[in-house]
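Comments concern the structure below.
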Amino acid sequence: MDHPLVWVLILVLLNFNTDVSGQVVVPSMNPLAVGSNVTLNLVPESPINIGTWSYETTTIVLFYPSGSIVSTSYRGRVSFNRSSSELSISSLQLNDSGRYTVQGMEPVLTAVVTLSVQEPISNVTLRANATDLVELNDTAIVTCSVSSGTSFSYRWMNGSSEVAASDRVRLGVGNSTFTIVSVTRYDEGPFRCEVINGISDGTSQPIGLNVRFGPERPAVTSPELAMTGHVVTFNCSASSQPPSQFSLFFNGSSWVVHLCGLQQPHCQKQHCLQDAHCY
Ligand SMILES: *[C@@H]1O[C@H](CO)[C@@H](O)[C@H](O)[C@H]1NC(C)=O
Ligand SMILES: *[C@@H]1O[C@H](CO)[C@@H](O)[C@H](O)[C@H]1NC(C)=O
Ligand SMILES: *[C@@H]1O[C@H](CO)[C@@H](O)[C@H](O)[C@H]1NC(C)=O
Ligand SMILES: *[C@@H]1O[C@H](CO)[C@@H](O)[C@H](O)[C@H]1NC(C)=O
Ligand SMILES: *[C@@H]1O[C@H](CO)[C@@H](O)[C@H](O)[C@H]1NC(C)=O
Ligand SMILES: *[C@@H]1O[C@H](CO)[C@@H](O)[C@H](O)[C@H]1NC(C)=O
Ligand SMILES: *[C@@H]1O[C@H](CO)[C@@H](O)[C@H](O)[C@H]1NC(C)=O
Ligand SMILES: *[C@@H]1O[C@H](CO)[C@@H](O)[C@H](O)[C@H]1NC(C)=O
Ligand SMILES: *[C@@H]1O[C@H](CO)[C@@H](O)[C@H](O)[C@H]1NC(C)=O
Ligand SMILES: *[C@@H]1O[C@H](CO)[C@@H](O)[C@H](O)[C@H]1NC(C)=O
């Protein structure tokens, strides 16, 4: 240091002072992105005749009525405004995260702020270990990953609502994975993961699960009256994925069967209500 004795004297004096000033350090932004600049202001503003700005235990700048001394490790990166005591630091790195303290000996004051420097999130990717599943038989694990980013948290979406953990739905590994035990037909999604870290966020592409189920016991309806010589229509329906094919039996023997499978116009993806026209 340029004036070691001055440093030692001032720091010793300062360390006997406790904070009674009520002033706070207000950063221009916090958290901050890697590469950005920050300005630290003392609020309410008050001129400090003799004091220091420091990062953790390292002094950044020592200032006194006739000037200021910037520590060699911060030269070129910081600028200090003598009249407002404002400190600016440019091109912040992750290791600039931490406590910044301004200490005044004249007047006596101490104010602290903790800055958090973070890397923006990029490339949020979602992966499922399997997407073709059998209802109640299979377990799916969905994993969310990012290429870069720091101090982030995850949020999982199922369609437009947030995934709620339950005995069947478990979040794991710091919420980066999500397990559905015994998938059901209602677990088709689309699922997305959102990653947030205070300076940025990212959302993955959606993933849908294809859950096969059924067919369940079919329902058959028939008219109460049928007239000889006329066509009778029996409607059969059964929930299934993929859609079912139907066979009709009369007096125990198979009838001429009209297959009402994929070509049915009102056959929806999951709850397939199909008509069997039986002659
Ligand atoms: C220093 O701060 C004072 C008071 O806020 C302001 O008027 C002045 O423009 C600042 N000087 C520089 C170089 O930013
Ligand atoms: C950060 O400060 C440097 C030096 O003062 C300046 O050249 C640069 O444009 C600033 N960057 C941003 C993002 O404000
Ligand atoms: C902080 O990180 C930057 C870039 O990652 C590196 O150049 C610098 O040496 C580090 N500083 C300290 C004090 O570790
Ligand atoms: C995004 O992440 C995926 C999976 O981790 C990786 O395969 C891909 O190369 C990444 N893309 C970019 C542009 O980083
Ligand atoms: C997906 O993970 C679950 C749980 O570990 C496992 O039971 C299942 O076999 C996996 N599926 C595939 C296709 O690897
Ligand atoms: C589901 O699991 C049951 C019992 O383990 C098995 O009998 C059945 O064949 C499985 N279903 C399918 C479609 O794999
Ligand atoms: C995981 O998510 C739950 C609810 O969404 C939240 O309460 C919890 O704090 C998260 N855990 C971690 C490690 O992020
Ligand atoms: C997804 O949402 C559907 C419809 O709200 C719900 O029935 C299902 O249980 C949810 N699945 C998961 C894994 O959250
Ligand atoms: C069968 O379905 C058709 C079309 O949905 C409907 O018009 C008809 O009344 C139904 N018949 C019976 C017996 O339910
Ligand atoms: C079906 O069974 C009923 C009652 O057992 C009988 O009266 C009828 O003749 C049978 N019809 C045909 C087409 O086999």
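Note that ligands are numbered from 1 as they come in the structure, with each ligand's atoms numbered from 1 the same way. Quick caveat, the model's predicted, so the values are computed rather than measured.
Thr52 and Ser54 are not linked by any side-chain donor-acceptor pair at a separation below 3.5 angstrom, with hydrogens and angles left out of the test. Ser122 and Ser148 share a donor-acceptor pair across their side chains, judged by distance under 3.5 Å alone.
More than 12 heavy atoms of other shown residues, nucleotides or ligands fall within 6.0 angstrom of atom CZ in Arg168. Within a 6.0 Å radius of CG in Asp167, other residues, nucleotides and ligands contribute 12 heavy atoms or fewer.
Protein heavy atoms come within 4.0 Å of atom 2 (O) of ligand 6. Less than 4.0 angstrom separates atom 11 (N) of ligand 6 from at least one non-hydrogen atom of the protein. Shown here, atom 7 (O) of ligand 4 is out of close reach of the protein: none of its heavy atoms lies under 4.0 Å off.
Set against the non-hydrogen atoms of Ser147, the atoms of ligand 4 under 4.0 Å away are 1 (C), 2 (O), 10 (C), 14 (O). If you number the atoms of ligand 5 from 1 as listed, the ones under 4.0 Å from a heavy atom of Ala130 come out as 13 (C).
Residue Tyr154 comes nearest to Gly174 through the heavy atom pair CD1-O, 3.4 Å, listed as atom of the first residue, atom of the second, then distance.
Scanning the protein for heavy atoms near atom 13 (C) of ligand 6, the closest one is Val134 CG1, 3.4 Å. Protein heavy atom nearest atom 14 (O) of ligand 6, with residue, atom name and distance: Asn137 ND2, 3.5 Å. Regarding atom 5 (O) of ligand 4, its nearest protein heavy-atom neighbour is Ser145 OG, 3.9 Å. Asn123 ND2, 4.7 Å is the protein heavy atom nearest to atom 9 (O) of ligand 4.
Taking CH2 from Trp53 and CG from Leu87, the interatomic distance works out to 6.0 Å, rounded to the nearest 0.5 Å.
Note: Phe191 and Phe178 meet the aromatic proximity criterion, with ring centroids under 6.0 Å apart.
Under the 4.0 Å criterion applied to side-chain N and carboxylate O atoms, Arg155 and Glu162 are assigned as salt-bridge partners.
Of the candidates Thr143, Thr125, Leu126, Thr125 brings a heavy atom nearest to atom 4 (C) of ligand 4.
Residue Ile141 touches ligand 5 through its side chain alone, judged by heavy-atom distances below 4.0 Å.
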